[in-house]
Each structure stands twice: as C-alpha cells, then as structure tokens.
Amino acid sequence: MTNLDRTLRKGARRIALARFVVAGTFALALAMLGLLAIRVAEKGFATPAPDWSWAWGIAVGAALLGAAVWVWMTRPDGRAIARDLDEKLGLKATLATAVWARSDTEAKDDAWHAATVGEGERAAARVDVRVAVPIVVPRYWVAPAALALVTFVGGWMPQQNVMALFNKQGEEEQLAAAEEERELIEIKEAVDESRKDMDAALSEINDDALNELLEQNDEIESAKTPEELRNAELRRLTAMRDRLEQLENGAKAESEALKEMTASIEIPEGLNSPVTKMAEALQKGDFKAAVEQLEELNKQLSENGSLTEEQKQALAQQMQQLANQLQNAAQQQQQAMQNIAKQAGLPSNLANNPQALQQAIQNAQNLTEQQKQQLQQQLQQAQNAAGQCQQCAGGMSKLAQNMGKAGQGNAMQGLQGQLSQMEMLDQQMKNLQAAQGQCQGSMDMLGSKGGGQRASALPQWAQKQRLMKGGGQGAGSTGKGGTEEGTNNSEDTVVEHKKASTVPDPNGPIIGSMVAEGGEQIRGESVAQFREAAKAGGEAASDAIDEHRVPKEYEDVVKKYFGGLEREAEKASEPAETLEPGSSSESGS
C-alpha cells in the first residue's frame, strides 16, 4: 500500500467521523425535539405516556444510526478526498493530480505521469490528516442538551388536559349563548304578556297616540339581544306612561275646573226632594251621586199617583233654579277666558270666540312655546268645563219644562247622559291611573327578567320615579305589577306597590287653580318644591351613574327620566316668572 493510499484512507475515515459528529448532533436535536413533543402531549393533552427508559435509548440510537447511514450514503470518493486535503493543506492539487495520473492506465509509463505520481507520494508521506481534517463539535450542540433537559424536567410537571380547558371554555361559551337565548325568549314572553296587559288596561281609554304606541313593533322585531329587546320595550312603556300621565293631568284639571264651577251651586229652596239632594251632590262634586238622585227622581215621576201636581210643579221650579245656577257658573268661565287672553297680552274680547283666542295664542310672538302650550291647555279645559255645565243646564231646563208632560222621558234621558259625561271624568282619571299602574307594573316585571343586578335596578329607579311624581300615583292598578303590596324578587331590593288614594288631601300642595271673576291670583307653593325635588333627584341619579350603581343598559333611561323632570320643573316655573304681573295662572305639579 502506497503512502498516497494510506493518506487517502485516513482522510476518508477522518472526514466521515467529522461529518458524523455534525450529523449526529443535528439528529440528536431532532430526536430530543420529538421526545419533548411527546412529553408535552403527555402532560398537556393527557395522551398515553411511553416507557421513558426505552424512549430515551430508542431516540438516541435512532439519531446516531440515522446520522451514520447518512454519512455512509453520502461518502466522497478518492478524488474528492484528495481535493479536500489539497485545499485544506494548501498542496495546490498535488494529491488530486497524483490520484488522477495513477488512474490513467494508458499513460502510466509516461515520464510526466510517473513524476506526478511520485510527487504525490512524497506529499502524502508528509500529510498529517488530523491537522487537515479536525473533529469539531458544532456550535448548536447545546440544542439537544437543552431539549433533553427540558424533556427530563417536564417529567415532574403535573398533568394538565389543555384540550379539556379549551372544551370547558367552549362549553362556557355555549352555556352563555344558551342562557342569552333563554333570557331573550323569556323577555319576549314578558313583552307579549305586557302587551296583553296594556291592551286590556287601555280598553277603556280612547287615544290615538296610545294606540300607536301599543302597536309599535319595529324596535322589538329588530332587537337581537336581551338588552336591546328589554330597552326597546322599556322605551315604549316609558312613552306610554308619559302619555297616560299627560292625559290624566288634563282630565284632572278639567274635573277640578268643573267641580269648582259646581261648588258655587246653592241648594234650591222648598221641599226636600231628589232635586235638592242632586244639588248637594253637584255642590260636592259627586257626579255619581247626582246621577243616582236623578234616577230616584225619575222613579218617583214614573209612579202614578206618587206625586201630586203641586209637588211636580215645585220639583220643576227647583230644577229650573238649579239649571239657572249652572248656566251662571258656565258664564263665569268667560272671565277665566278673559284672564287667559290678558296673560297672553291679547284683547279680552277674544274670550267671546275661544277658537280665535286659541289661534291668537298660537301666533303670539311674546310667548314661549311652553307658555303657549300651557295657556292653550287652560283655555281648552275652561271651554270643556263651561260646555259641560251649559249642556247640563240646558238638560235641566228642558226637564223642568216637560216635567209631568209627554216629553218628560226624553228630557230625563238627555239629562242622565249629560250628568253621566260629567261623572265619566272621574272614571276616566281612575282608568288612566290604573293604566299607569299597569304600565309601571309591566316595566317592573320586564326589569325582573334575567335575574342578577339588572333585575333589581329597574324597580329601584321605578320606585324613585313614583316618589318623585307624588307618592306612587297610578301604582295601585289591578293586574300584573299593580297589586296592593308586592316585593321584587331581588335579594337586595324590596319595592312596595300601594294603591294611590283617590281622596283629595286638602292639606296637600296646590296643583293648580281656576280664577273666578273678580278673584285674586292664588299662588301655589308646589312649584318650588317640585323644582328642588327634581334637582335633588337628578343629582342623586348622576352620582349613582358615576359610581356605577346603575347598570349600563339603564343609564340612558335614568338620564332621560330625571332630565325630563328638571325640564318639567323649569316649564312649571317659567310662566309665573315671565308672564305679565297680575296674571291669573299658576301651575305646579
């Protein structure tokens, strides 16, 4: 074996060993990465654990065997080894040229070839293969060591099922979605129930605006979440409650004006009869009792022989006296209309034509919209009350003229209808109060759907609203939410629902007054009280919102409500402050 052969063989072994070190390090890194993946699957996903005493050996053995196979399959030939040695030792292709020349059998006897081979042999004898091909461990040798350490230490880690956590999170999301769907269905059922209750409560109230609100359904159908549906229905119910309150205030003012007119009635002189008792009932403003006394009179007149002609004549005279008094009371409303014209800065003769007066108020440049609305309401109420008194006086006069005659029945029936219309004002207020109570009860019921903090928040603010409006007006209706006493299902809040008293309190705050002819202005004290209460309520609501004691979905409702109270307080106080001195209108709440 020549020196060249021995050098090439040593170089081949040295190169193979160097390549095996590099390939083995890389293969071990891959093997340790695989073991780490198995460890992660074992600890994080609860997969079956392998026998780690075998796993380590198999991984290392497979890595080394794989590296050896790769080195063998990619081994270089003699010429490549010679070129590699020449390049690393700086021999200028001496060994490679000698290998080539030796392999050329046809020119082996040539002197140049013999000299080339000889030069290669001499160079090969001087070559130190260990210097030419050093065994160097690659820099990334720490990778398999670090991966092996992490894999080994991971054996002491507690087992966690990551998929179970993801599944749990998915289950929680599914449960949350199911709960939201359940709450949405529950609120839809509450909305349907609320509509049925409100439809029944409004059956005796004929108002286009309320009917339109009752049929309003666009926001309800477009709502996709429980909060959107609840808020849409609360807005609708709030608008209905405000409209009911507006109608009740109008009916109350008209009823008070009518009762103030009939309070001036004097009991007709003569025999004690149903006519005198009817006058007493009218004087007290008890129109129901007046209707009952008229029915008693009709009964006595219908019984043959029950009354003499002299008694019938006396009853006719009493009835005519009563008619004259009602006619005079109706005419006194002319003075009230003149006062309204004076407040508006208009000629007093416009009081003779209420329609012209109303149009003049609307066109007045010196009045604000709030003042115009207030004066128009006063004018309408005075006109309605005077009209009812005039109709009733006409019916009484007709009955007095036909008492004991053929036209008595028609006259009696007409007067009964006119008195019944006066009685209906009180019944209408009761119906409006009952509808308000049902509306508030529906809001409380809707607020209780869904549980938690949201269930208790709305009844708390609903109770504050009723207190601010005067001690629970309308909270005593029959039906859902209008029981005499009730409690909210919330653990934190207990709300009492009590019937509002229909008996007027003579010591309570003055809400408003109609001015009789020649009378002085009566100033109410409740305007300042209402303004202070509205301001205090607004501040309390603002603090509650800032301190996050009001749920997010109810903040707009609370702000809108107490903002409306403050605007109403300003509206109530503006006419008294801006109208001309000596005006005869005072409004409050």
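Note that the numbering runs from 1 along the sequence shown for the chain. As the structure is a computational prediction, the values presented were derived from the model and not from experiment.
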Open item on the list: Measuring only between side-chain heavy atoms, which start at C-beta, is T151 closer than 4.5 Å to W52?
Closed with: yes

- [ ] Run the salt-bridge test on E42 and R39 with the 4.0 Å N-O cut-off and return the result as yes or no.
- [x] yes

TODO: Check the pair V60 / M32 against side-chain contact (heavy atoms from CB on, under 4.5 Å), numbers first and verdict last.
DONE: CA-CA 8 Å; V60 173; M32 295 303 104; 4.3 Å; yes

- [ ] Apply side-chain contact (heavy atoms from CB on, under 4.5 Å) to the pair L244 and L202, showing each step before the final yes or no.
- [x] CA-CA 10 Å; L244 287 167; L202 298 177; 3.9 Å; yes

- [ ] Compare every heavy atom of A23 with every heavy atom of A67, then report the nearest pair and how far apart it is.
- [x] CB-C, 3.7 Å

TODO: Calculate, to the nearest 0.5 Å, the distance between atoms CG and CG belonging to L33 and L147 respectively.
DONE: 6.0 Å

Open item on the list: Could you check whether atom NZ of K188 has more than 12 heavy atoms from other residues, nucleotides or ligands sitting under 6.0 Å from it?
Closed with: no

Open item on the list: Could you check whether any side-chain heavy atom of E193 comes within less than 4.5 Å of a side-chain heavy atom of D197, counting everything from C-beta outward?
Closed with: yes

Open item on the list: Could you report the tightest heavy-atom contact between L8 and I81, atom names first, then the distance?
Closed with: O-CG2, 3.9 Å

- [ ] Report the distance from atom CD1 of I58 to atom CG of L65, rounding to the nearest 0.5 Å.
- [x] 12.5 Å

Task: Minimum side-chain heavy-atom gap R14-I135 below 4.5 Å - done: yes

- [ ] Hey, could you give me the CZ/CH2 distance between R19 and W72, rounded to the nearest 0.5 Å?
- [x] 12.5 Å

Task: Which atom of G120 lies closest to which atom of T94, heavy atoms considered - done: CA-CG2, 4.1 Å

TODO: Check the surroundings of atom CH2 in W141: do more than 12 heavy atoms from other residues, nucleotides or ligands lie under 6.0 Å from it?
DONE: no

- [ ] Let me know which of Q246, Q438, Q440 forms a side chain to side chain donor-acceptor pair (under 3.5 Å) with R241.
- [x] Q440

Open item on the list: As a quick check of understanding, evaluate side-chain contact (heavy atoms from CB on, under 4.5 Å) for L36 and V150, giving each step before the final call.
Closed with: CA-CA 7 Å; L36 180 60; V150 172; 3.7 Å; yes

- [ ] With rounding to the nearest 0.5 Å, note down the distance linking CD1 in I185 to CG in L229.
- [x] 11.5 Å

Task: Non-hydrogen side-chain atoms of V136 and V21 separated by less than 4.5 Å - done: no

Task: Residue D208 excluded, over 12 heavy atoms near CG under 6.0 Å - done: no

Task: Contact summary for A251 and L432, nearest pair of heavy atoms - done: CB-CD1, 4.3 Å

Open item on the list: Would you say Q436 and E245 are linked by a side-chain donor-acceptor pair, where the criterion is simply a distance under 3.5 Å?
Closed with: no

Open item on the list: Closer than 3.5 angstrom, by distance alone: can the side chain of E121 be matched with the main-chain N or O of L4 as a donor-acceptor pair?
Closed with: yes

- [ ] Give the intermediate values and the outcome of side-chain contact (heavy atoms from CB on, under 4.5 Å) for residues T2 and V117.
- [x] CA-CA 11 Å; T2 64; V117 173; over 6 Å; no

Open item on the list: Could you report the tightest heavy-atom contact between L210 and D207, atom names first, then the distance?
Closed with: N-OD2, 3.0 Å

TODO: Can you see which heavy atom on Y140 is nearest to which on V22, and at what distance?
DONE: OH-O, 3.4 Å

- [ ] Could you check if a side-chain atom of P76 sits within less than 4.5 angstrom of a side-chain atom of D84, using non-hydrogen atoms only?
- [x] no

Open item on the list: I'd like to check L214 versus R236 (side-chain heavy atoms, cut-off strictly below 4.5 Å). Are they in contact?
Closed with: yes

Task: Rounded distance (nearest 0.5 Å) linking atom CZ of R79 with atom OG1 of T97 - done: 10.5 Å

- [ ] Mark yes when over 12 heavy atoms from residues, nucleotides or ligands other than F152 sit less than 6.0 Å from its CZ; otherwise mark no.
- [x] no

Task: M240 side, atom CE; N211 side, atom CG - distance, nearest 0.5 Å - done: 8.5 Å

Open item on the list: Is there a side-chain contact between W70 and R75 in this structure, where contact means two heavy atoms from C-beta onward sitting under 4.5 Å apart?
Closed with: no

- [ ] Check whether any side-chain heavy atom of L89 sits under 4.5 Å from a side-chain heavy atom of D128, and report yes or no.
- [x] no

Open item on the list: If the threshold is 4.0 Å, N to carboxylate O, is there a salt bridge linking E186 and R182?
Closed with: yes

